[in-house]
Amino acid sequence: MERAVFYLNNIHLDTSESKIPTLKLFGKTEDGKKVCAITSKVKDYLWVVTNANIKELENYELETHEGLCTVEKVVIKEKMLDGQKVMAAQVWVNNPKLTGYLGSVLRKTEKFSQVYEDDIPFIQKYIIDHDLKSFSKVAVTGNKIPRTGFKVDELIQMREIENANGETAKPVVLAFDIETYNPRKEVFVRGNEIIMISFKSSKGFSKVITWKKFEGGENVEFVEDEKALIQKFFKTLKEIGPDVLVGFNSDAFDIPSIMDRAKKFGVKQVAGLDGTGFKVVRSSSGPAIWINGITHIDLYPFFSRTMADRLKTDIMSLNRISKEVLNQSKKSLDYEKINELWASDNPKDICEYCLTDAELTLKLFEKIFPVMMEFSKTVQQQVFKTCRATYGNLVEDYLLKENPNFNELRKRKPSKEEFIKRRKTSFKGGYVHEPKPGLYQNLAVFDFKSLYPSIIISHNISPSSLMKGKKEDGHAVPEEDYWFAKKPVGMIPKILEELVNRRIGIKRIMKDVDVKSSQHAILDARQYSLKIIANSFYGYLGFPKSRWYSIKCAKAVTSFGRDYIKKIIEQSKKAGFEVVYADTDSVFIYKKKSVFRSARKTYEKFLKQINESLHGFMKMDFEGLYKKGLFISKKSDLVGAKKKYALLDEHGNLVIKGFEYVRRDWSPLAKKIQLKVLKKVLAENASKNAVKLVKNELKKLRLGKTPLKELIISVQLKKKLENYSSIGPHVAAAMKAEKKGYFINPGMLVQFIIIKGEGSVSEKAFIYEQVKKEDLKYDPEYYVYKQVLPSVKRILDALNVKEEKYLSSQSKEDLTSFIK
DNA sequence: ACATACCGGGG
DNA sequence: GTGTACGGTATGT
């Protein structure tokens, strides 16, 4: 027997080789040796709540197409279910893959229909039950066995495993990026050549590999052809032997591309430490790529959901995130230029571009990894899973992990029918005070500190306390006829309170730590992970897929919340402030004729007054002071749109939320004008210039002088042409193009122009190439009224600029004649 | 009014 | 595996 202590990298249950699943744990020792521990002797369990004689269960056997499922042991225990004591049988199963199936069979029986915990993924239970953590030490006992096929230093037939605590490992990281040649504008991976791959490692490895030779590139290595490039990718992965492979959108783009090309050239994928290739697994953000023994991190899902609230940018591209987080931009090179350079055998600039992307990816990873790790530790799941999780997943994982401390049976996920039923049930959300469109000066934003968590804790909002005891003794819900008992404290408020208290404790410690130290960064990451999870409890209660879903609890939370925010609005008005906008837990207020310099003092004084009037646990924070705020109206409504505003902060940064200029199905012209107008209005303080700009652009457009390229609308063709039941403009354009002999393929990006003529938008849509070749004229009317106007109208409306000012003083009819 | 289809990230 | 993101918008029918 041997004992090996190593940092755990990843765990999974492998069913590829035989019907008996093998548990594989990968990691590395302190001195950097790679280890894999395997075992096929893992047992899983489920719970059955029953008063029936359990003898029948003890020797239960079930034939399945995946082998025999046998019950190996049954243990009776007293458990809690919704705060009530129940007798339950813990049923141990020989094969973890069959637990769910056994559960579904038992559920159909009369005696054993109340089945629990059969739907918790085995690995998740295993990690919780063995107290394991990503990149933390584990101690394994077992026998060394021959390493046949494994790319590790040691392979162990595992008997036992335990958490060995201690420091977490600093992983060896390899960041990568690919470039593809895509002259036919297919958006998706199929059929596109990979022309180069770049690498940057945490150990200083830096290289671009490509298959067209040129003079004088730095860190460039040339290979014979694309096949050799793909082979080189796997070879490099093996040579560097990273603990973490990181990309940006690599789940959806880089790795699927590599897999696709490897298949085409018959290159065997050897990525995992057991010689296996990439594996496509389901994650809550869509398909994800798993590698045995290496943690694959895709930065995109983590930034675009978990970190989104912390970023100013609304656009989650590598460039924008790098700019904000690292203060470093991508090399600018648009994809048409990439195609052009490659076609003309001049890939040098592409190489530099590619390497910069890998470098930014590595830097972003290094910056954000502590945060990912804190999330992973907090919910006790593998970082692979946590960094792709939705808020709901994080709460659910946290509850699954904390729940055993309460001896409660963990709830099941809803059935399909239940899910559909829940989804139909809507309820009133937070209170929204619609903004009056306009540009405001010196705005203050206050928000309740953890409004919903505070409400849940202080009103004991929990399924187990719902309508227990007498109404007079409980917390009555505003506008509703139900209540929550004050005691005993329910599982959800209890877990949440512990979480909030932990965060308070961390924040207290942080005060005495140097802001620039790495310890501070870690503590900040930890408190942030706790904050995100705490703030998501409410959403979780009302999320139809939740195990601990409770519509009454969710309703109660928003009901209390509306009560609180309305009181703040009233108080603000009484104190002589104008309330511009309020949403759920925040208010945007201002005072007419205020001066920026003195505004902060005024607001701070008022905030203090608010806080003095609030009960103990409720508190409002000063979220920010903005020099300017632009609120715009809904499309055709008088009241303003929700979450659509642009702010200019104290340092002159623009914060733009919810404007459409980011989308590719808008013409570059509309996007460009919208952004310019916003900048002029907010940053340059010149709405006159904005009007002038719009006027000029419209004039150009009407004279037919706008370059065609600026008018291209790009929409992806997602299906075969014959499968469309509704023929939208991109489909119609593609159909016409195909008849003319153009290459049309599902997956491609249809770039079209709306041309002059009669009929619907679809009838007037033609692909860009055809418009160019046949010298068709674009339709100024369409671009004026369907592209440019919608993008700026609401902004200028908010500033009380009348349409005529920029559209023209002439009538529409006159304009049409003008165009002719 | 309702249904359908697409956006995001990546080249 | 019981479910496969989601909220917003334009255009067709």
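Proteins come first, then strands; the chains are lettered A, B, ... in the order of their sequence lines, and each starts at number 1.
- Lys720(A) places its NZ atom 16 Å from the P atom of dA5(B), with the value rounded to the nearest Å.
- Going from atom CZ of Arg305(A) over to atom C1' of dG9(B) covers 12 Å, rounded to whole Å.
- Proximity of the aromatic rings of Phe176(A) and Phe233(A) is defined here by a centroid distance below 6.0 angstrom, and this criterion is met.
- On the C1' atoms, dC6(C) is 15 Å away from dG9(B), given to the nearest whole Å.
- Using a 4.0 Å heavy-atom cutoff across all strands shown, Phe303(A) reaches no nucleic acid atom at all.
- More than 12 heavy atoms of other residues, nucleotides or ligands shown are found within 6.0 angstrom of NZ on Lys330(A).
- Residue contacts shown for Ser317(A) are limited to sugar-phosphate atoms, with no base heavy atom under 4.0 Å away.
- The distance from atom CG of Leu749(A) to atom C1' of dC7(B) is 11 Å, rounded to the nearest whole Å.
- Take Tyr540(A) and apply the side chain to side chain donor-acceptor pair (under 3.5 Å) test, not counting sequence neighbours, and it matches Glu396(A).
- As judged by a 4.0 angstrom heavy-atom cut-off over every strand, Asp118(A) is placed among residues making no nucleic acid contact.
- Taking the ring pair (Phe, Tyr, Trp, His ring centres under 6.0 Å) definition, one finds that Phe766(A) meets it with nothing, sequence neighbours left out.
- One finds the CD1 atom of Ile194(A) at 5.0 Å from the OG atom of Ser257(A) (value rounded to the nearest 0.5 Å).
- Distance CG (Leu102(A)) to P (dT2(C)): 14 Å, rounded to an integer number of Å.
- Scanning for ring pair (Phe, Tyr, Trp, His ring centres under 6.0 Å) contacts around Trp548(A) gives an empty result, with sequence neighbours left out.
- Contacts of Asp298(A) with the nucleic acid, taken as non-hydrogen atoms under 4.0 Å apart, are absent.
- When distances run from any side-chain atom of Tyr300(A) to the nucleotides dA5(B), dG9(B), dG10(B), the shortest one goes to dG9(B).
- Comparing dG9(B), dG11(B), dG12(C) against the side chain of Ser760(A) picks out dG12(C) as the nearest.
- Atom CZ in Arg107(A) sits roughly 10 Å away from atom P in dT2(C) (whole-Å rounding).
- Note on His730(A): a side-chain N or O is less than 4.0 Å away from OP1 or OP2 of dC6(B).
- In terms of phosphate contacts, Lys786(A) brings no side-chain nitrogen or oxygen within less than 4.0 Å of OP1 or OP2 of dA10(C).
- Here the separation of dT4(C) from dG8(B), taken at their P atoms, is 23 Å to the nearest Å.
- Heavy atoms of Tyr724(A) sit under 4.0 angstrom from primed sugar atoms or phosphate atoms, though from no base atom.
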Side-chain donor/acceptor pairs under 3.5 Å, residues 723-730 of chain A, sequence neighbours excluded:
residue   : atom : partner   : partner atom : Å
Tyr724(A) : OH   : Lys718(A) : N            : 3.0
Tyr724(A) : OH   : Lys719(A) : N            : 3.2
His730(A) : NE2  : Gln716(A) : O            : 3.3

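- We find that CZ of Phe752(A) is positioned 13 Å from C1' of dC7(B), with the value rounded to whole Å.
- Nearest nucleotide to the side chain of Gln716(A), out of dT2(C), dG10(B), dC6(B): dC6(B).
- Taking only side-chain nitrogens and oxygens, Lys330(A) comes nearer than 4.0 Å to OP1 or OP2 of dG11(B).
- Using a 4.0 Å heavy-atom distance criterion, Ser415(A) is classed as making no nucleic acid contact.
- Checking Ser284(A) against Arg412(A), the closest nucleotide of DNA chain C that is more toward the 5' end is the one next to Arg412(A).
- Within a 6.0 Å radius of NZ in Lys43(A), more than 12 heavy atoms belonging to other residues, nucleotides or ligands are found.
- A sub-4.0 Å separation between OP1 or OP2 of dA5(C) and a side-chain N or O of Tyr391(A) is absent.
- An OP1 or OP2 oxygen of dC7(B) is reached within less than 4.0 angstrom by a side-chain nitrogen or oxygen of Arg664(A).
- When heavy atoms are screened at a 4.0 angstrom cut-off, Tyr782(A) is found touching the sugar-phosphate backbone but no base atom.
- Nearest nucleotide to the side chain of Asp665(A), out of dG9(B), dC7(B), dT4(C): dC7(B).
- No engagement by Phe122(A) is indicated, since no non-hydrogen atom pair under 4.0 Å with the nucleic acid exists.
- Of all nucleotides listed (dT2(C), dT11(C), dG10(B)), dT11(C) comes nearest to the side chain of Ser762(A).
- In this structure, the CG atom of Leu311(A) is 15 Å from the C1' atom of dG8(B), given to the nearest Å.
- Atom CG of Leu364(A) is separated from atom C1' of dG10(B) by 15 Å (rounded to the nearest Å).
- Centre separation under 5.5 Å together with a plane angle under 30° holds for the ring of Tyr335(A) and the six-membered base ring of dG11(B), marking them as stacked.
- Of the candidate nucleotides dA10(C), dG12(C), dT4(C), dA10(C) has the atom nearest to the side chain of Trp666(A).
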Dot-bracket summary - DNA chain C, pairs being Watson-Crick or G-U whose distances fall under 3.5 Å, with | when paired to another strand: .....||||||||

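- With sequence neighbours left out, Lys385(A) forms a salt bridge (Lys or Arg N to Asp or Glu O under 4.0 Å) with Asp397(A).
- The only member of Asn94(A), Val105(A), Asn95(A) that meets side chain to side chain contact (heavy atoms under 4.5 Å, CB included) when paired with Cys69(A) is Asn94(A).
- Residue Ser725(A) places its side chain closer to dA5(B) than to any other of dA5(B), dC6(B), dG9(B).
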